[in-house]
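All values below were derived from every heavy atom in this structure, side-chain atoms included, with hydrogens, water molecules and symmetry-related copies excluded. Each chain gets a letter, A, B and so on, in the order the sequences are listed, and its residues count up from 1.
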Number of protein chains: 2
Amino acid sequence: MTKPCIICVAITGSVPTKADNPAVPITIEEQVASTREAFAAGASIAHLHVRDDAGKPTSDPARFARLKEALEAACPGMIIQFSTGGRSGAGKDRGGMLPLKPDMASLTVGSNNFPTRVYENGPDLVDWLASEMLAADIKPEIEAFDLSHIFQAAKMQADGRLKRDIYVQFVMGVKNAMPVDREVFDFYVATLKRLSPDSEWCAAGIGAGQLTLNEWCVAGGGHART
Amino acid sequence: MTKPCIICVAITGSVPTKADNPAVPITIEEQVASTREAFAAGASIAHLHVRDDAGKPTSDPARFARLKEALEAACPGMIIQFSTGGRSGAGKDRGGMLPLKPDMASLTVGSNNFPTRVYENGPDLVDWLASEMLAADIKPEIEAFDLSHIFQAAKMQADGRLKRDIYVQFVMGVKNAMPVDREVFDFYVATLKRLSPDSEWCAAGIGAGQLTLNEWCVAGGGHART
Ligand SMILES: [Zn+2]
Ligand SMILES: [Zn+2]
Ligand SMILES: [Zn+2]
Ligand SMILES: [Zn+2]
């Protein structure tokens, strides 16, 4: 029943700035150094956001290209996952880096509330991002911010908009979306298994919630994220 | 364990037009006639949308005022519930009729996808609609399109943005949102009971899904909607 635990590392989110936390790696050099440490410690997936020169989140394909190249040199064999999240851009800009063919990319398949706004992932944008990932042979990591997103991912798998064996990340602890809740976590795992038996999953929490989720994850057969 | 079954009738949704179904009541006279029939048959809550002269959904307070007045005369004692749904308007227009003080009003507390677009209910709009309902002493019917909406409603109840004893409607069968699924339905009921033990609930389905949901509802102690 034990399977190798994939550690997924998100060294730079899209929200914190140097002003919040001077230790957050922002430049590509800082990101490579942090990822190399995590890779040496056993992390196998690097979930990547990039920042512009002012430290603000961006979807700039040139930035993603430089980071990918640097990480491939520094961490050979590590799985590179680009974020297509909406904090870094809007509309199709969010997928402009997909032709760079990372191993994986994040994909949110529904909409929900964030702390101060609507996280907009309309049906057309979702289908377009999925089709770009299919075209470039990129494995999506489905970001499930709510229960219906698991149903939507399974439906997209069934009708061919996603490749078989989907990989889902349960995102919990975001204000105005789903809190970190053990019953929901267990129901997420059971629902994914019911709808898509060969899928894999991991979980991401905000701040202190991540430690709690990692314990549930490892105990439940999912992957951990740090 | 049996409690009186409240029948909630939505005679005119926001989507169908006369072109889709000539039997859909659109004018206020047609709505009053249909609601009177449902009231005579035992329905106790009328969930109301209004249309403009061209038959298109609107949030026009003058229309809501005429319909409310006509229904109070035709169906004395029936509970009048106005829709603040986003198909009939945008932003604060959606709550412009709340000063008319209906008994209830629908309130969506999160965002999700609809068949062709994002159903936007950003945090500020949700809080504003809830505060208008508190000010006018209107009981909200929380429209739960996804699981996190139940958590959000319970949180709003706990921190005073909603009045105690919330009333939640589970909405299932909307494309790109939550399908009609028995396990989810049971989890919705259990979660609401866990988070807000004194709350009540009903369920709404799209088309044929409504009949299935009514069976689950009546068996599970919820209210039925026709
Ligand atoms: Zn992951
Ligand atoms: Zn991310
Ligand atoms: Zn109802
Ligand atoms: Zn409605």
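Counting heavy-atom pairs closer than 4.5 Å to chain B, the top residue among I150(A), N121(A), L125(A) is N121(A). Counting heavy-atom pairs under 4.5 Å between each of R194(A), R117(A), K155(A) and chain B puts R194(A) at the top. Heavy-atom pairs under 4.5 Å with chain A were tallied for E120(B), E183(B), Q152(B); the largest tally goes to E183(B). In terms of heavy-atom pairs under 4.5 Å with chain A, the best-connected choice from V118(B), D146(B), N112(B) is D146(B). Of the residues considered (P115(B), A190(B), S111(B)), S111(B) shows the highest number of contacts with chain A, using heavy-atom pairs under 4.5 Å.
Side-chain N or O atoms of E141(B) include none that pairs as donor or acceptor with a backbone N or O of S106(B) at under 3.5 Å.
Only the backbone of F114(B) comes within contact range of chain A, with at least one heavy atom under 4.5 Å from a heavy atom of that chain. Only the backbone of V109(A) comes within less than 4.5 Å of a heavy atom of chain B; no side-chain atom from C-beta onward does.
Separating the CG atom in D52(A) from the CG atom in D60(A) is a distance of 8.5 Å, to the nearest 0.5 Å.
Counting heavy atoms from C-beta on, the side chains of T191(A) and F187(B) never come closer than 4.5 Å.
Ion pairing of D124(B) with K92(B) is absent here, as no side-chain N (NZ or NE/NH1/NH2) approaches a carboxylate O to less than 4.0 Å.
The heavy-atom pair separating Y119(A) from G85(A) by the smallest distance is OH-CA, 3.3 Å.
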Candidate pair R63(B) and D53(B), rule salt bridge (Lys or Arg N to Asp or Glu O under 4.0 Å), full reasoning:
CA-CA 10 Å; R63(B) 298 260 165 182; D53(B) 287 333; 2.7 Å; yes

